[in-house]
Peer 1: 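Following this message is one structure expressed as structure tokens.
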Amino acid sequence: KEEDVEPKVEEKSEAKVEKKEDVKPKTTPLMIVDDAGQKKSPLFGKSVLIVGAGSPVGAALVDLARHAGANVYTLSHCSHLGVIREMGVDHWYPLANQDVWKAQWRGKIDLVVDTIGDPDYNPSFYK
């Protein structure tokens, strides 16, 4: 015989309601939020020099920096100029013209990414 049993009711605790000032905007590690709440990269508006921009890794870095809103400067071998121009880069010099590009870009670069390196593991001369 089934007994008349009242269903067991579990008491649920109230969900914590966060105050507006407690809520932080969700961002990815490479994004920041400006005053208007728009997500932007920390590279937005910065000048980035990519050494070896014609290589596959360099080309990927150029693409990432451009899409992050950076002003991209590139150095590569002359044979890569066509590929670099197709990527929409405005600033390019051949890597061999070190004196020229150093004089032109001195004080303009915020970040240097060197994909070539030095075979002797010397410190970068792009400081």
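By convention here, the first residue in the shown sequence is residue 1. Computed from a predicted structure; not experimentally measured.
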Peer 1: Looking at L75 and W92, what are the two nearest heavy atoms and their distance?
Peer 2: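 Closest approach of L75 to W92: C-NE1, 4.5 Å.
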Peer 1: With clusters defined by side-chain heavy atoms of hydrophobic residues (ILVMFWY) lying less than 4.5 Å apart, directly or transitively, does L64 cluster with V112?
Peer 2: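 No, because V112 and L64 fall into different hydrophobic clusters, even though each may have its own neighbours under 4.5 Å.
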Peer 1: Quick check for you: to the nearest 0.5 Å, what is the distance between Q104 atom CD and D99 atom CG?
Peer 2: 12.0 Å
Peer 1: Is it possible for you to say whether V62 and F44 belong to one hydrophobic cluster, with membership spreading through side-chain heavy-atom contacts below 4.5 Å?
Peer 2: no
Peer 1: Over 60° means perpendicular and under 30° means parallel, so tell me whether Y73 and W105 are parallel, tilted or perpendicular.
Peer 2: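 Perpendicular.
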Peer 1: To the nearest 0.5 Å, how far apart are OG in S41 and NZ in K46?
Peer 2: 10.0 Å
Peer 1: Can you see which heavy atom on W101 is nearest to which on P94, and at what distance?
Peer 2: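 Here W101 and P94 meet closest at CD1-O, 3.6 Å.
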Peer 1: Provide the closest heavy-atom pair for G54 versus I84 in the form atom of the first, atom of the second, distance.
Peer 2: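 Closest approach of G54 to I84: N-CD1, 4.0 Å.
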Peer 1: Enter the distance from L95:CG to H80:NE2 here, rounded to the nearest 0.5 Å.
Peer 2: 11.0 Å
Peer 1: Please report the shortest heavy-atom distance between M87 and R66, naming the atom on each side.
Peer 2: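 Heavy atoms of M87 and R66 come nearest at O-NH1, 2.6 Å.
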Peer 1: Return the OG1 to CZ distance between T74 and R85, rounded to the nearest 0.5 Å.
Peer 2: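 Reported value, rounded in 0.5 Å steps: 9.5 Å.
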Peer 1: Looking at D114 and I116, what are the two nearest heavy atoms and their distance?
Peer 2: OD1-N, 2.9 Å
Peer 1: To the nearest 0.5 Å, how far apart are CG in L49 and NZ in K108?
Peer 2: 12.5 Å
Peer 1: Rounded to the nearest 0.5 Å, what's the gap from OG1 on T115 to CD1 on I50? Could you check?
Peer 2: 8.5 Å
